[in-house]
Amino acid sequence: MKQPAKDPKLIKQQRQKMLQFRRQLPIYSGREAIIETIKANDAVIVIGETGSGKTTQIPQFILEAGLASHELGTIAVTQPRRVAAVNLAKRVAEETSSTLGGKVGYTVRFDDTSSNHTLIKYLTDGMLLRELLMDELLLKYKVIVLDEAHERTLRTDMLFGMIKNIQRIRKDKAAQGEDVEPLKIVIMSATLDADKFSEFFDMAKILYVSGRLFPVDTFFTKEPQADYLDASLVTIFQIHLKQGPGDILVFLPGQEAIETLTTLVKEYAAQLRRSQQQVLACPLFAALPPSQQQHVFDPAPENTRKVILATNIAETSITIPGIKYVVDCGLAKMRGFNPKIGVESLLVHPISKSSAWQRTGRAGREASGTCYRLYTEDTFRELDDDTVPEIRRCNLAAALLSLKASGVDDVLSFDYMDRPSRASLVRALEELYSLSAIDDRGHLTELGKRMASFPLDPTFSKVILQSADYGCTKEALAIVSLLSVDSIFYTPSDKREQAAEARRKFLHPDGDHLTFLNVLQAYWEVKGDLGWCRDHFINVRNVKVALDIRDQLVRFCERNNIPPQVSCGTDTDQVLKCFLTGFFRNTALLQPDGSYKSVVGNQIVKIHPGSAMFGKRAEGIMYNELVFTTKHYVRNVSAIQSSWLPEAAPKYFNNMRASV
DNA sequence: CTCTCCCT
């Protein structure tokens, strides 16, 4: 790495300043003990709150102590979120007075600053899972740090079992005299649920490091609240009228609640007298375009208090400065999965105690604060300690395929920290079998191996891999990319009619898949003109991400000898037939009464109002997603003919006929 | 007549 020449004296001064800064962190006093513990143990659990500096300092301690090196192997630190991986690497590069991509780097999708000089690499847990496909023992790493373990994301949970297994294999190999370095594991978590992690990693040593959160006064309601919107509104204005300066962060379950409350807060705020401090309501949720999300970071005008109305996005992903008060309605939308009927759900649930504390902590990041819980202390006591890990409430098809492709063939007896139900595992295996990703003995097929190599759900990778046969790879790549991002359409609640009108221009009579194709065509014709996107309510950020995904998928196709430019032109039935090879189980047939009944499970399903097929009748429909919210809604829907089904999945539909 | 959140 060539670096610009610098005054050696200046560099020394900078290093000195950094060291001084690091020494002030609470964790620094425990430096020697931490190093000794990691040196003496195969696995260590580090428990520390936000602000303890564990994620930036411990990798540096490990490196400074010589526990990792280019010869022994380097350090990987995983994060559940991309921004965190990027920012941590930048921070630690600065602290070590090195250039990003030198000693310290990061790897996230579409952005890799690591090099063969890198000794500390921050990466998303998803990227480490991809590395496992290429290097089953992760031999380039001497130390693997899994951070934010308490969040229990699906990917972190998979990594728990996989690196535990890798550690055992590498230890055995080293003991037998093979030239393999044993692996060290460090698990970092913010909650006090240390024993569970310790037990899983063979009674690993536990280290506690103190954090730097300020005290937060916490209040409960005396009585249960029947209407959390009303309770939120009252609490917001009680704080506003009676408490000192500082912004308010309100946690709500979803977009609808946020939009309703935003309107109410604005109405009440308009009644404040001119002489009083004013209120500015800022909604915040993932589907909000980035330009509007940015408003939460704008300093409030003079004499104005910001009230941020947010989903769970403000619990971990977005940190807003200046929050002094948190209002917690105690609810969140959560994904669920019923393996017996194979239906996902998205429903409002009470949060867990740890989630409540996480929300509370958002008021104490810069100074002491206050948290108002809109539920009673008894209700709080009855909450679950922790949120059910994602692995126990989602479809496991993609996870099991990736396990198998990383050398874990027996996924039923895999070492899960929290074992998914047998029904859920079996259902996922059945799905993989029906897609021909595994054979009748459960072994990965050639097709399955190729499917696992794509950064997509198995259903989508099947579509891409079959697209050569249908002569529509170009279309499949475009549509899969657009389906891989959050909606490319944006519908502001106050301009619903205009947004719908603008969208009508792209509408294809056969449904959403081909409508997406029309949108992309139009986007290319105007070369992504920002004004055009705004006028047509297109979420530019999501289209751009989709195009990045498309570029990446094109490269994967080339590697798999699938010509990416093959197009079916106007024969668009080919596209829908091709999608059926991945989504034949996600189909429903029109009933005499005009409703749709799913082919698998005989469930009445409704077409989501955002769909191009909403209110339309077709002999059959295919959909990418079936989620129970207020009803069984299907999203991303296209019209199909039932006669296409046996061709798309002969094995599946012949077996079904035999079993009826 | 509607969409918690994150990742490859």
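Convention: sequence-line order gives letters A, B, ...; per-chain numbering from 1. The structure presented is a predicted model; accordingly, all values stated were derived computationally and were not measured.
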For this session: Tell me what A:T124 touches on the nucleic acid: a base, only sugar-phosphate, or nothing, going by heavy atoms under 4.0 Å.
Result: sugar-phosphate

For this session: State which of B:dT2, B:dC5, B:dT8 makes the closest approach to the side chain of A:S317.
Result: B:dC5

For this session: With heavy atoms under 4.0 Å as the rule, sort A:R81 into base, sugar-phosphate or nothing.
Result: sugar-phosphate

For this session: When you get a sec, tell me which of B:dC5, B:dT8, B:dC1 is the closest nucleotide to the side chain of A:R109?
Result: B:dT8

Problem set entry | Heavy atoms of other groups near A:K495 NZ, more than 12 under 6.0 Å | no

For this session: Calculate the interatomic distance between A:R130 atom CZ and B:dC7 atom P; express it in whole Å.
Result: 15 Å

Exercise. What's the CD-C1' distance between A:E148 and B:dC6, to the nearest Å?
Worked result: 13 Å

Exercise. To the nearest Å, how far apart are A:D548 CG and B:dT8 C1'?
Worked result: 13 Å

Problem set entry | A:K606 side chain near B:dT2 phosphate (N/O to OP1/OP2, under 4.0 Å) | no

For this session: Calculate the interatomic distance between A:I391 atom CD1 and B:dC7 atom P; express it in whole Å.
Result: 18 Å

For this session: Using only side-chain N and O atoms of A:S487, determine if any of them is under 4.0 Å from OP1 or OP2 of B:dC3.
Result: no

Exercise. Contact class for A:M334 (heavy atom, under 4.0 Å): base, sugar-phosphate, or nothing?
Worked result: nothing

Seminar exercise, completed: Separation of B:dC5 atom C1' from A:I258 atom CD1, nearest Å, is 12 Å

Exercise. Which nucleotide in the list B:dC3, B:dC7, B:dC1 gets nearest to the side chain of A:R82?
Worked result: B:dC7

Exercise. Looking across every strand, which nucleic acid part, if any, lies under 4.0 Å from A:V108 by heavy atom: base, sugar-phosphate, or nothing?
Worked result: sugar-phosphate

Problem set entry | Residue pair A:F506, A:H536: steps toward the ring-ring contact (aromatic ring centres under 6.0 Å, His included) verdict | CA-CA 10 Å; A:F506 308 118; A:H536 290 84; 5.7 Å; yes

Exercise. Using a cut-off of 4.0 Å on non-hydrogen atoms, how would the nucleic acid contact of A:R635 be classed: base, sugar-phosphate, or nothing?
Worked result: base

Exercise. Would A:D135 and A:K140 pass as an ion pair if we require N to O under 4.0 Å?
Worked result: no

Exercise. If you look at every strand shown and take non-hydrogen atoms under 4.0 Å, does A:L346 touch a base, only sugar-phosphate, or nothing?
Worked result: base

Exercise. Checking all strands, does A:A287 fall into the base, sugar-phosphate, or nothing category for heavy-atom contacts under 4.0 angstrom?
Worked result: nothing

For this session: Report yes or no: is the cationic atom of A:R373 (NZ for Lys, CZ for Arg) closer than 6.0 Å to the six-membered ring centre of A:F380, at no more than 45° off its axis?
Result: yes

Problem set entry | Proximity of A:Y490 and A:F537 rings by center, below 6.0 Å | no

Exercise. Is there a residue in residues 444-462 of chain A whose heavy atoms reach under 4.0 Å of DNA chain B, and which residues are they?
Worked result: A:P455, A:L456

For this session: Would you mind classifying the nucleic acid contact of A:S484 as base, sugar-phosphate or nothing, using non-hydrogen atoms under 4.0 angstrom?
Result: nothing

Problem set entry | Euclidean distance, atom CG of residue A:L626 to atom C1' of B:dC3 [Å, nearest integer] | 14 Å

For this session: Measure the CG-CD1 distance between A:L154 and A:I391 for me, rounded to the nearest 0.5 Å.
Result: 5.5 Å

Problem set entry | N/O (side chain, A:T491) to phosphate O (OP1/OP2, B:dC3) under 4.0 Å | no

Problem set entry | Position toward the 5' end of DNA chain B (nearest nucleotide), A:Q552 or A:Q255 | A:Q255

For this session: Just grab all the side-chain hydrogen bond (donor to acceptor under 3.5 Å, both in side chains) pairs involving residues 344-353 of chain A, residues at least two apart or on different chains.
Result: A:R335-A:E344, A:S352-A:S354, A:S352-A:T387, A:K353-A:D385

Exercise. Rounded to the Å, how far apart are A:D112 CG and B:dC7 P?
Worked result: 16 Å

Seminar exercise, completed: Between A:A89 and A:G105, the two heavy atoms sitting closest are CB-O, 3.6 Å

Problem set entry | A:R427 with A:E431: basic N within carboxylate O range, under 4.0 Å | yes

Exercise. Just checking A:S402: base, sugar-phosphate only, or nothing, at a heavy-atom cut-off of under 4.0 Å?
Worked result: nothing

For this session: Report the nucleotide, chosen from B:dT2, B:dC1, B:dC5, that has the shortest atom-to-atom distance to any side-chain atom of A:R496.
Result: B:dT2

Exercise. What is the distance from CZ of A:R503 to C1' of B:dC1, rounded to the nearest Å?
Worked result: 12 Å

